[in-house]
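Reviewing the structure listed below.
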Amino acid sequence: MERKPTDFESRVYEVVSRIPMGKISTYGEIAKQLGIRSARAVGQALRRNPYAPTVPCHRVVRTDGSIGGFYGEIAGDLIAKKCQMLAAEGISFEGNRVDFSQFLHDWNS
DNA sequence: GACATGACCCGCG
DNA sequence: CCGCGGGCCATGT
């Protein structure tokens with residue numbers, strides 16, 4: 001059944017879509033922008049993500065810099081595709097982690 | 001309204 | 001480094 005996104009999801013998509021190319025953010029930071037302390041709720045919204053390529057969900061990573069779930073964890077090459085997609089935007093990795101000191105988006109800017 | 005699920009985070013051992 | 005437990009919030013049944 002098709003159902004419209006909730007207000008909460010809309011807020012999440014809005015914040016995530018604000019991440020500029022070549023930058024990334026974390027679930028926890030986004031949660032803070034929304035005024036909550038649960039990165040889980042953010043993950044829930046992104047998991048549903050009906051605006052897939054529109055909302056750059058791949059620019060959102062875990063607090064420790066790892067890519068996280070996306071397609072069900074390091075199931076195979078799918079995660080590697082994500083790395084390439086990010087690399088295409090100018091983001092580089094250390095294994096499956098990103099360098100926050102360079103790519104973490106500054107919400108105050 | 002209660003219970004279960006989930007692309008999370010943090011602390012402890 | 002790995003595993004375990006608790007906290008957190010929204011969604012679906």
Side-chain angles (χ1 to χ4, degrees):
Chain A
M1 304 159 15
E2 309 295 310
R3 72 182 73 82
K4 294 180 287 164
T6 67
D7 292 333
F8 176 75
E9 289 176 339
S10 298
R11 278 190 283 274
V12 174
Y13 304 142
E14 189 174 356
V15 173
V16 173
S17 62
R18 279 184 200 134
I19 304 175
M21 184 188 137
K23 289 288 186 89
I24 59 173
S25 189
T26 67
Y27 295 99
E29 283 298 302
I30 292 167
K32 261 191 240 194
Q33 302 308 314
L34 298 173
I36 61 178
R37 298 174 297 290
S38 178
R40 253 187 184 165
V42 177
Q44 280 300 325
L46 292 178
R47 170 177 82 69
R48 302 185 97 196
N49 189 10
Y51 304 107
T54 307
V55 177
C57 49
H58 53 274
R59 286 186 197 142
V60 182
V61 297
R62 293 180 30 160
T63 321
D64 57 356
S66 61
I67 299 301
F70 287 116
Y71 284 79
E73 309 197 16
I74 320 291
D77 305 306
L78 291 177
I79 201 73
K81 295 278 190 181
K82 298 293 168 187
C83 291
Q84 288 190 26
M85 174 159 52
L86 289 167
E89 300 193 356
I91 298 169
S92 53
F93 302 89
E94 302 173 10
N96 52 349
R97 300 223 183 146
V98 291
D99 185 352
F100 289 123
S101 62
Q102 268 186 118
F103 304 116
L104 186 59
H105 174 61
D106 179 9
W107 297 101
N108 195 245
S109 182

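Just so it is clear, the structure is predicted and the values come from calculations on it, not from any experiment.
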Is Glu29(A) paired with Lys32(A) through a side-chain N to carboxylate O contact shorter than 4.0 Å?
-> yes
Using side-chain contact (heavy atoms from CB on, under 4.5 Å) as the criterion, point out the one residue from Val42(A), Thr6(A), Leu34(A) that pairs with Arg11(A).
->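 Checked Val42(A), Thr6(A), Leu34(A) against Arg11(A); only one passes side-chain contact (heavy atoms from CB on, under 4.5 Å): Leu34(A).
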Show your working on side-chain contact (heavy atoms from CB on, under 4.5 Å) between Ile19(A) and Val60(A) and close with a plain yes or no.
-> CA-CA 9 Å; Ile19(A) 304 175; Val60(A) 182; 4.2 Å; yes
What residues in residues 102-109 of chain A put a non-hydrogen atom under 4.0 Å from any atom of DNA chain C?
->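 Of all residues in residues 102-109 of chain A, none places a heavy atom under 4.0 Å from DNA chain C.
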Separation between OG of Ser25(A) and CH2 of Trp107(A), rounded to the nearest 0.5 Å |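 Nearest 0.5 Å value for the OG-CH2 distance: 4.5 Å.
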When the distance from [atom1] of [X] to [atom2] of [N] is rounded to whole Å, what number comes out?
{"X": "Phe8(A)", "N": "dA10(C)", "atom1": "CZ", "atom2": "P", "answer": "6 Å"}
{"X": "Gln44(A)", "N": "dT5(B)", "atom1": "CD", "atom2": "C1'", "answer": "7 Å"}
{"X": "Tyr27(A)", "N": "dG7(C)", "atom1": "OH", "atom2": "C1'", "answer": "19 Å"}

Take Ala39(A) and Thr6(A), find for each the nucleotide of DNA chain C with the closest heavy atom, and name the residue whose nucleotide sits nearer the 5' end.
->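 Its nucleotide being nearer the 5' end, the pick is Ala39(A).
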Heavy atoms of Tyr51(A) and Pro5(A) approach each other most closely as OH-CG, 3.6 Å
Where the side chain of [X] is concerned, which of [options] is the nearest nucleotide?
{"X": "Thr63(A)", "options": "dT5(B), dC10(B), dA7(B)", "value": "dC10(B)"}
{"X": "Glu9(A)", "options": "dT11(C), dG6(B), dC8(C)", "value": "dT11(C)"}
{"X": "Arg37(A)", "options": "dA7(B), dC9(B), dC8(C)", "value": "dC8(C)"}

Would you sort out whether Gln33(A) and Arg18(A) count as a side-chain contact (heavy atoms from CB on, under 4.5 Å), showing the intermediate values?
-> CA-CA 11 Å; Gln33(A) 302 308 314; Arg18(A) 279 184 200 134; over 6 Å; no
Classify the nucleic acid contact of Ile36(A) as base, sugar-phosphate or nothing, counting any heavy atom under 4.0 Å across all strands shown.
->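 Sugar-phosphate contact only.
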Could you tell me whether the phosphate oxygens of dC9(B), OP1 or OP2, come under 4.0 Å of any side-chain nitrogen or oxygen in Arg62(A)?
->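 Yes.
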